[in-house]
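Data first, discussion second: the structure below is written as structure tokens.
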Amino acid sequence: MIGKFESNKDLIQELTSSGARHVGNIAGIITGTVAEVTREIGEWITDAIEMNEAAAAARKDAEADRESGIDATGDASIIDDTVDEAPSTTPFVDAEIVETELVDPEPEPVRPDTDDRR
């Protein structure tokens, strides 16, 4: 039979080992989460930089086209920079109209072997 001291030593050893394992698992979870969040933020910033560069390139191309007298359709006519007024007609949208039917859900049957009273 083991003594009280050895029993307590084994208990402390197991508690310490278990605690270290759990702390390690938690640290791994936190590390993985921080890495994923950092990666997502980095990708978001990269997307913003790429969009900014694309917009700058588009502005540069538009300015070059404007200077050469080529409009967006490729015609070599002079580009009119004035804004036209909106057309007076409403644009036509070709869409199918679907009518929905509302149906009341059937109540679940009450099972006699269950009792919700507490």
Give every donor-acceptor pair under 3.5 Å between a side-chain atom in residues 11-20 and any protein atom, sequence neighbours left out.
from: Thr16; atom 1: OG1; to: Ile12; atom 2: O; distance (Å): 2.8
from: Ser17; atom 1: OG; to: Arg21; atom 2: NH1; distance (Å): 3.2

(request) Kindly give the cluster partners of Val23, where membership spreads through any ILVMFWY side chain lying under 4.5 Å from a current member. (result)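 Traced through the cluster, Val23 reaches no other member.
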(message) Looking at Arg66 and Glu63, is there a salt bridge between them, counting it only when a charged N and a carboxylate O are closer than 4.0 Å?
(response)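 Yes, Glu63 and Arg66 are salt-bridged.
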Mind listing the side-chain donor-acceptor pairs of residues 30-50 below 3.5 Å, one per line with the distance, residues two or more places apart or on another chain?
from: Thr31; atom 1: OG1; to: Ala27; atom 2: O; distance (Å): 2.7
from: Thr33; atom 1: OG1; to: Ile29; atom 2: O; distance (Å): 2.8
from: Thr38; atom 1: OG1; to: Val34; atom 2: O; distance (Å): 2.7
from: Thr46; atom 1: OG1; to: Gly42; atom 2: O; distance (Å): 2.9

